[in-house]
Amino acid sequence: MPELPEVETIVRGLRAPLIGHTFSGVRVEWERMTQPSARELRARLPGQRVEAIHRRGKYLVMQLSGKDNLIIHLKMTGDLEVLPADAPGHQHDRVVFDLENGNQLRFRDPRKFGRVYLTDDPAWILDRLGPEPLDDDFTEGEFLALFDRRSGRIKPLLLNQEFIVGLGNIYADEALFLAGVRPERKADTLLEAEKRGLYRAIRQVLQLAIDQKGTSLADETYRGGQYQRQFKVYDRREEPCPKCGSPIQRIRLGQRSAHFCPNCQR
DNA sequence: CTAAAATCCTGGTGGC
DNA sequence: TGCCACCAGGATTTTA
């Protein structure tokens, strides 16, 4: 599942092949994945050049020369790659963008959860998002302030992109392990020292994962990252905790799995 | 306002 | 071997 480190890795890889190049067409294989419609994409996208590519949370944002923004969310199983137009296609290619230089940007997504937006006003998509955990100016004090009037359990809260962006099920579990906090703890019961530890843990886990070019899982399209080798708790049910040897537990929390060490996390 | 459940999707898996 | 129920989860929508 592409989370912040995977999207960041993909963004960095797309800059060289895309920036300065111009879209010449688009083919949509699954209508529900684009907004606006495929018809409108075909009318508006051709002729627009990619001027910059950024990441905001788990969204990939391409600034285009025609004042539009092409915004893509990979959700669970999406992946993007640039290939020559005559390279063999893939069964799960859902949206294929033609470029004037003879290449294609291909959005592959077996589960069809991904989304493609074209808009001249990205605010309606991006404005609700919480702070970027790795920004230099995202301070410990700002993180502490996020807990105002928050009473739900900490794990679902970390997954809420309006609270803070970038964490998905993997890195939320890993950050909570590093901070020594149980996923089912109520947010308003965390001590200030625990919140400070969680702030550091989130930034450490995400930065290390970016350094490893993200995580590659067997049932997902995204490949190349190595962070799965660093998992301390995620997908390690009944395996020994790397700190104390206790069996890692897996529970369900907010319709998601949560992994933790019952001894090291309180 | 916040919290939590339901929803969208398909490929892989385990049980029989 | 085939069939089928079930599981994985990011973000939006619905419900409380």
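Just so you know, these numbers come straight off a predicted model, no measurement behind them. We name chains A, B, ... by the order of the sequence lines, and we start the count at 1 in each one.
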From the list [options], which nucleotide is the closest neighbour of the side chain of [X]?
| X | options | answer |
| --- | --- | --- |
| R32(A) | dC9(B), dG10(C), dA4(B) | dC9(B) |
| R256(A) | dA4(B), dG10(C), dA5(B) | dG10(C) |
| K112(A) | dT10(B), dA11(C), dA4(B) | dT10(B) |
| E3(A) | dT2(B), dG10(C), dG9(C) | dG10(C) |

### Message
Is any side-chain heavy atom of F97(A) closer than 4.5 Å to one of L70(A)?
### Response
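Heavy-atom side-chain distance check passes, below 4.5 Å.
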### Query
V7(A) versus K58(A): any side-chain heavy-atom pair under 4.5 Å?
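With C-beta onward as the side chain, the pair touches.
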### Message
For dA8(C), does the base pair up with any side-chain atom of R111(A) as donor and acceptor (N or O, under 3.5 Å, distance only)?
### Response
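Such a pair exists between side chain and base.
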### Query
Contact class for R150(A) vs. all strands (heavy atom < 4.0 Å): base, sugar-phosphate, or nothing?
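Sugar-phosphate: the residue R150(A), judged by heavy atoms under 4.0 Å, touches backbone atoms but no base.
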### Message
Categorize Y234(A) for me: base, sugar-phosphate, or nothing, with a 4.0 angstrom heavy-atom threshold over every strand shown.
### Response
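Touches sugar-phosphate only.
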Rounded off to whole Å, could you give me the [atom1]-to-[atom2] distance for the [X] and [N] pair?
| X | N | atom1 | atom2 | answer |
| --- | --- | --- | --- | --- |
| K155(A) | dA3(B) | NZ | P | 16 Å |
| L159(A) | dA4(B) | CG | P | 12 Å |
| M76(A) | dC7(C) | CE | P | 15 Å |
| D93(A) | dT10(B) | CG | C1' | 16 Å |
| D235(A) | dG12(B) | CG | C1' | 14 Å |
| D109(A) | dG10(C) | CG | P | 13 Å |
| Q91(A) | dG11(B) | CD | P | 6 Å |
| R94(A) | dC8(B) | CZ | C1' | 13 Å |

Check whether any side-chain N or O of [X] sits under 4.0 Å from OP1 or OP2 of [N], and answer yes or no.
| X | N | value |
| --- | --- | --- |
| R252(A) | dA8(C) | yes |
| T77(A) | dC9(B) | no |
| Q255(A) | dA5(B) | no |

### Message
For a quick test of reading the model, state the closest non-hydrogen atom pair linking P133(A) to F138(A) and the distance between them.
### Response
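Scanning both residues completely, I find the closest heavy atoms to be O-CD2, 3.5 Å.
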### Query
If each of L253(A) and R149(A) is mapped to the nucleotide of DNA chain B with the nearest heavy atom, which maps nearer the 5' terminus, i.e. the 5' end?
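Its nearest nucleotide lies further toward 5', so the answer is R149(A).
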### Query
Between L157(A) and H92(A), which is nearer to the 5' end of DNA chain B once each is assigned its nearest nucleotide?
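Per heavy-atom nearest nucleotide, the more 5' residue is L157(A).
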### Query
Can you list the steps and then say if E51(A) with R49(A) is a salt bridge (charged side-chain N to carboxylate O under 4.0 Å, His left out)?
CA-CA 6 Å; E51(A) 299 194 322; R49(A) 187 181 62 249; 3.1 Å; yes
#### Entry: Aromatic ring proximity, centroids under 6.0 angstrom, F147(A) and F163(A)
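So the answer is yes for these two rings.
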### Task
Would you please indicate if the ring centroids of F107(A) and W30(A) are separated by under 6.0 Å?
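No.
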### Message
Show every salt bridge (charged side-chain N to carboxylate O under 4.0 Å, His left out) that has at least one partner inside residues 257-266 of chain A, sequence neighbours left out.
### Response
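Qualifying pairs, neighbours excluded: none.
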Please list each protein N or O that sits under 3.5 Å from an N or O in nucleotides 12-16 of chain C, with the distance.
| residue | atom | partner | partner atom | Å |
| --- | --- | --- | --- | --- |
| dT12(C) | OP1 | Y59(A) | OH | 3.1 |

#### Entry: Shared hydrophobic cluster for V26(A) and V50(A) (ILVMFWY, side-chain gaps under 4.5 Å)
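Same cluster: V26(A) reaches V50(A) through Ile, Leu, Val, Met, Phe, Trp or Tyr contacts under 4.5 Å.
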### Query
Is F113(A) stacked on the base of dG10(C) when the test is centres under 5.5 angstrom and planes under 30 degrees?
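Stacked: centres under 5.5 Å apart, planes under 30°.
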